[in-house]
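Residues take their numbers from the sequence shown, with the count starting at 1. All values reported here derive from a predicted model rather than from experimental measurement.
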Amino acid sequence: MKLLTLLIAGAALPLTSAAPASTAIVKDASDPDASVAATLARSSKDIYPAKCPENVNGFNYTYPSTLWFYNLTSTVPGSSEVLEMAFMDLLPPNYNPRNAGNKEPQTILLLHGKNFCGPTWYAAATPLQKAGYRVILPEQLGFCKSTKPTQYSFNLTSLATNTRNLVKALGITKPPIVIGHSLGGMLASRYALTYPEFTKSLMLVSPIGLEDWKQLGVPDRSFDLLTGDEKSTTYASLRGYEQATYYPGAEWTEDFDKWVVMLTKVYEGNQKEKFWADQAHVVEMVLGQPTIHDYNKIKPKTLLVVGEKDNTAIGKVWSPAEVQAKLGHYAVLGRQAQAAIPDATLVSFPYLGHAPQIQEPEMFNRLLASWVKTGGRTLESLKLNATIIR
């Protein structure tokens, strides 16, 4: 090791009036109408733009780009409810999928965390789009503008499969670069473990799952209590938690606050009861399915990014003091994870917390650009205030 310093009924409908793929007119994908046509050109019938994107599935919030839905109901055996994944699809400039001379661009998947939605990735996504990448920002079932199911069995493998099926439904054939933050990092690692042949590379940003919380002593908690935890969530509790966990020691800013305001809208939306229950199931999933035990099986080249001030640990709040003291030490956890993954590079920031892409967006975007373009070969040239371990 070398150490270097969509669909609730009526919310969205298939575009029955849209031209079929064989006759779709696609111009410059930077034009909104052309971008919609370009997405539809190679997509299956299960892909369609939202009819009422501002207020859908219990979340009244305007997204910065066209909101799409992937109807995955047919892929979930026995489902008695309609299931849609919301997503944004940022196409590179001048991309025309019907032009034989226009090669399929490299796709990047950006996977959100538990307390985040697709828009929290947007400041990182747009530079990638301008650089010629196709950037997909999916939202998992139970989150944000996706369906809030009442009978779905939440597990990481099924969420990874839903994400893989979304990419397939969009007609994408080249393995994507998969990038995930927090819970999205946990999911990204499961995606790479489940579909190694369809993962070009992997970037884990402050991923949870780097330690087995139950094994370390986090007590079981009933579903009713977990649901009560979600029900009691407010703007004040979210801000207090994030300030102490995501941005410890940092001055609270509007760039932090706007995402708390966004998340509060889901907790207070008109499907809040379903959302609380789904999030309780997500916590059960996270506690019961740590990914660290499988890190030695990850095949794609991996970049691991951590902030050493991060102290995220699911279940810490209801654990005894002696258990709390053992949890969430990311300066150690990052190094352990890097050593476990066969082909991994760690970038560890001593001054950052759980959300480096929000806390230091310009620096993060330079790091991100280096990774997707060179696979990390130029990291040292970025002169980051970080420890790099290969």
Short side-chain donor-acceptor distance under 3.5 Å, [Y] and [X]:
X	Y	value
E308	S348	yes
Q215	W213	no
T157	T194	no
T147	E81	no
T234	E268	no
N115	Y241	no
Q338	T345	no

If only atom types and distance count, is the side chain of [X] paired as donor or acceptor with the main-chain N or O of [Y] below 3.5 Å?
X	Y	result
Y70	N162	no
E242	Y247	no
H354	P248	no
S146	A86	yes
S237	T233	no
S79	V76	no

Task: Qualifying residue, where the test is side-chain contact (heavy atoms from CB on, under 4.5 Å) with P119 and the options are E139, K258, K145 - done: E139

Task: D255/T253 under side-chain hydrogen bond (donor to acceptor under 3.5 Å, both in side chains): CA gap, chis, key distance, verdict - done: CA-CA 5 Å; D255 289 332; T253 71; 4.7 Å; no

Excluding sequence neighbours, so at least two apart, what forms salt bridge (charged side-chain N to carboxylate O under 4.0 Å, His left out) with [X]?
X	result
K373	none
K265	none
E284	none
E360	none

Task: Atom pair CG (L159) and CZ (R190), whose distance is rounded to the nearest 0.5 Å - done: 11.5 Å

Open item on the list: Using 0.5 Å steps for rounding, measure from the OG atom of S189 to the CD1 atom of I208.
Closed with: 9.5 Å

Please report the closest heavy-atom contact between [X] and [Y], naming both atoms and the distance.
X	Y	value
T302	I298	OG1-CG2, 3.7 Å
G58	N270	CA-OD1, 3.1 Å
A313	G328	CB-N, 4.2 Å
V317	Q324	O-NE2, 4.0 Å
A337	Y295	CB-CE2, 3.8 Å
L90	A125	CD1-CB, 3.7 Å

Can you check whether [X] reaches [Y] side chain to side chain, under 4.5 Å on heavy atoms?
X	Y	answer
T39	L91	yes
F198	P176	yes
T378	S381	yes
V347	T387	no
M186	P207	no
I177	Q106	yes
V205	P356	yes
Q336	I292	no

Please check if the number of heavy atoms outside [X] that lie under 6.0 Å from its [atom1] is greater than 12.
X	atom1	result
E251	CD	no
Q151	CD	yes
K299	NZ	no
K326	NZ	yes

Task: Pi-cation contact, Y191 with R164 (under 6.0 Å, within 45°) - done: no

TODO: Please report the C-alpha distance between T173 and E104 in whole Å, then the side-chain angles of each, then the deciding distance to 0.1 Å, and finally whether the side-chain hydrogen bond (donor to acceptor under 3.5 Å, both in side chains) criterion is met.
DONE: CA-CA 8 Å; T173 62; E104 178 181 332; 2.6 Å; yes

Please confirm whether [X] and [Y] have ring centers closer than 6.0 angstrom.
X	Y	value
F116	Y246	yes
Y267	F275	yes
H281	F223	yes

- [ ] If the plane angle is over 60° it's perpendicular, under 30° parallel, otherwise tilted; pick one for Y61 and Y63.
- [x] perpendicular

Task: All pairs passing disulfide (SG to SG under 2.5 Å) where residues 111-181 contributes a residue, at least two apart - done: C117-C144

Task: Carboxylate-amine/guanidinium contact R221 D229, below 4.0 Å - done: yes

TODO: Before accepting this row, confirm whether a basic side-chain N of the pair K114/E230 lies closer than 4.0 Å to the acidic partner's carboxylate O.
DONE: yes

- [ ] Start with the C-alpha gap between S182 and S206, add the side-chain angles, then the distance that decides, and say whether side-chain hydrogen bond (donor to acceptor under 3.5 Å, both in side chains) holds.
- [x] CA-CA 5 Å; S182 190; S206 303; over 6 Å; no

Open item on the list: Show, in sequence, the C-alpha distance, side-chain angles and deciding distance for D224 and S222, and conclude whether the side-chain hydrogen bond (donor to acceptor under 3.5 Å, both in side chains) test is met.
Closed with: CA-CA 5 Å; D224 287 344; S222 71; 5.4 Å; no

- [ ] Enumerate the residue pairs fulfilling ring pair (Phe, Tyr, Trp, His ring centres under 6.0 Å) with a member in residues 142-164, sequence neighbours excluded, ordered by first and then second residue.
- [x] H112-F143, Y152-F154

